[in-house]
Undergrad: 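Take this structure first; my questions come after.
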Amino acid sequence: MDSPTLDTLFRAHARDITAFLRHQLPCPDLADDLCQEVFLRLGRQQLDANASDTRLEQPRAYLFRIARNLLIDHHRRRQARPGDRPTEDDDIACLACPHAASYSDPEAAAERRLCRRGLERAMAGLPPHLRQALVWHRLEGLSQAEIGHRLGVSERMAGRYVRQAISHCRDRLTAPAI
C-alpha cells in the first residue's frame, strides 16, 4: 500500500494538530503557524526520503511528534533570552501571548502583532465596564479595591469583572478559527 500524500495527511490531521497546539499555546495564530510548520517539515522530509522507499507506519503519531518537538523548540527559544523585557506598547500583547518573550527577535515581533490583533478583537467584544477593569488591572496594575472605587462597585465585584474579562479574552483567543 502506498504512503498517503501530504495533502491527504493534512486533510485528515490538521484540525486535530491545530487543536492540540491551541491547547498548549495561548495564541491561536501561533498555533496555526506551528501547524503549518508541522506539514512543511513533513513535506521536506518526504522530499529528502524520496530516493529511498521510506514509508510512515503511523503518520498521525509522527505528525504529533513533530508538533510536540516544535512546541519544545518554541518554549526553548522563549526562555533563551531571559533578559529581554517587553516595552510598554507590548504589555497588551503579553496578556494574549506571554510566551512571546523575546523582543529583539523578528519572529517574536510577528507573533506579538498577531496576538495583539487577536486580543484587540477579543477586547472589542467586552462590555465597557469589563474592558476598563481589565485595562486598569493588567496595564495600569491597579488593585481590585482601586478598580472597584473607580467603577463604583465593591472590591469583590471588581475582581469578578477582571476574571470575566480575562475569561472572555482567553476563550476568544483559544477558540478555533472558522
Side-chain angles (χ1 to χ4, degrees), residues 1-87 89-126 138 165-178:
M1 184 174 170
D2 292 331
S3 293
T5 65
L6 189 60
D7 183 54
T8 304
L9 290 171
F10 182 82
R11 291 174 194 263
H13 304 294
R15 180 175 287 167
D16 293 337
I17 290 171
T18 300
F20 166 74
L21 292 167
R22 285 184 177 186
H23 183 71
Q24 302 293 323
L25 297 164
C27 183
D29 294 325
L30 177 58
D32 293 342
D33 289 346
L34 287 181
C35 182
Q36 288 180 357
E37 182 65 26
V38 166
F39 288 96
L40 284 172
R41 287 192 182 187
L42 179 64
R44 280 189 225 119
Q45 289 173 0
Q46 285 180 342
L47 287 175
D48 292 343
N50 222 4
S52 66
D53 191 23
T54 309
R55 189 171 152 254
L56 288 176
E57 293 294 324
Q58 297 180 343
R60 178 181 168 86
Y62 190 69
L63 289 168
F64 274 91
R65 174 49 63 188
I66 294 172
R68 178 127 173 84
N69 289 344
L70 285 171
L71 276 172
I72 291 168
D73 291 347
H74 170 77
H75 291 299
R76 284 181 180 158
R77 276 194 313 274
R78 296 301 157 247
Q79 292 174 355
R81 296 182 200 91
D84 290 344
R85 293 287 180 252
T87 62
D89 280 346
D90 294 323
D91 284 345
I92 193 86
C94 290
L95 175 64
C97 197
H99 296 292
S102 175
Y103 290 86
S104 58
D105 179 12
E107 181 183 344
E111 288 173 15
R112 283 193 319 279
R113 281 192 300 275
L114 288 172
C115 290
R116 182 177 291 130
R117 282 187 217 124
L119 182 61
E120 287 169 353
R121 285 191 302 270
M123 288 183 70
L126 284 170
R138 286 293 179 125
I166 290 171
S167 177
H168 169 88
C169 290
R170 187 171 287 134
D171 289 348
R172 298 307 178 278
L173 291 169
T174 58
I178 296 174

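On a predicted model such as this, the values are computed, not experimentally measured, just so you know. Every heavy atom of this structure was used, including side-chain atoms; hydrogens, water molecules and symmetry mates were not.
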Undergrad: What is the distance from atom CG of D171 to atom CD1 of I166, rounded to the nearest 0.5 Å?
TA: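 The distance works out to 12.0 Å.
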Undergrad: Can you tell me how far CZ of R44 sits from CG of L6, rounded to the nearest 0.5 angstrom?
TA: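 Answer for the CG-CZ pair, L6 versus R44, is 11.0 Å.
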Undergrad: Restricting to salt bridge (Lys or Arg N to Asp or Glu O under 4.0 Å), what partner residues turn up for R65, sequence neighbours left out?
TA: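 Applying salt bridge (Lys or Arg N to Asp or Glu O under 4.0 Å) to R65 gives none.
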Undergrad: Sequence neighbours excluded, which residues qualify as side-chain hydrogen bond (donor to acceptor under 3.5 Å, both in side chains) partners of D16?
TA: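 Only R60 meet the side-chain hydrogen bond (donor to acceptor under 3.5 Å, both in side chains) criterion with D16.
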Undergrad: State which residues pass side-chain hydrogen bond (donor to acceptor under 3.5 Å, both in side chains) with E37; sequence neighbours excluded, sorted by chain then number.
TA: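 Testing E37 for side-chain hydrogen bond (donor to acceptor under 3.5 Å, both in side chains), a comparison that skips the adjacent residues, returns R41.
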Undergrad: Could you list the residues that satisfy salt bridge (Lys or Arg N to Asp or Glu O under 4.0 Å) with R11, not counting sequence neighbours?
TA: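 R11: salt bridge (Lys or Arg N to Asp or Glu O under 4.0 Å) contacts with D7.
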Undergrad: Of all heavy-atom pairs between R22 and A31, which one has the smallest distance, and what is that distance?
TA: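 Taking R22 first and A31 second, the nearest heavy atoms are CG-CB, 3.4 Å.
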Undergrad: Write out all pairs satisfying ring pair (Phe, Tyr, Trp, His ring centres under 6.0 Å) with one or both partners inside residues 11-34, taking only residues at least two apart or from two chains.
TA: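 Pairs touching residues 11-34 that pass the test: F20-F64.
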Undergrad: Listed by chain and number, what are the side-chain contact (heavy atoms from CB on, under 4.5 Å) partners of A14, not counting sequence neighbours?
TA: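 With neighbours one apart ignored, the set is F10, C35, F39.
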Undergrad: Pick one: which of M123, R121, R138 meets side chain to side chain contact (heavy atoms under 4.5 Å, CB included) with C169?
TA: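 Passing option: M123.
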Undergrad: Looking at every heavy atom in both A67 and I17, which two are closest together, and how far apart are they?
TA: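 The answer is CB-CG2, 4.1 Å.
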Undergrad: Is Q36 close to D32 at the side-chain level, that is, under 4.5 Å between some pair of heavy atoms?
TA: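 The answer is no, as the side chains (C-beta and beyond) never meet within the 4.5 Å cut-off.
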Undergrad: Pick from L70, L30, L34: which one makes a side chain to side chain contact (heavy atoms under 4.5 Å, CB included) with L21?
TA: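 Among L70, L30, L34, the one meeting side chain to side chain contact (heavy atoms under 4.5 Å, CB included) with L21 is L34.
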Undergrad: Compare every heavy atom of R172 with every heavy atom of A122, then report the nearest pair and how far apart it is.
TA: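 Result for this residue pair: CB-CB, 3.6 Å.
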Undergrad: So, do L42 and P59 sit near enough that their side-chain heavy atoms are less than 4.5 Å apart?
TA: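 Not in contact.
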Undergrad: At what distance, to the nearest 0.5 angstrom, does CG of L40 lie from CD1 of I66?
TA: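 Spacing of CG (L40) from CD1 (I66) equals 10.5 Å.
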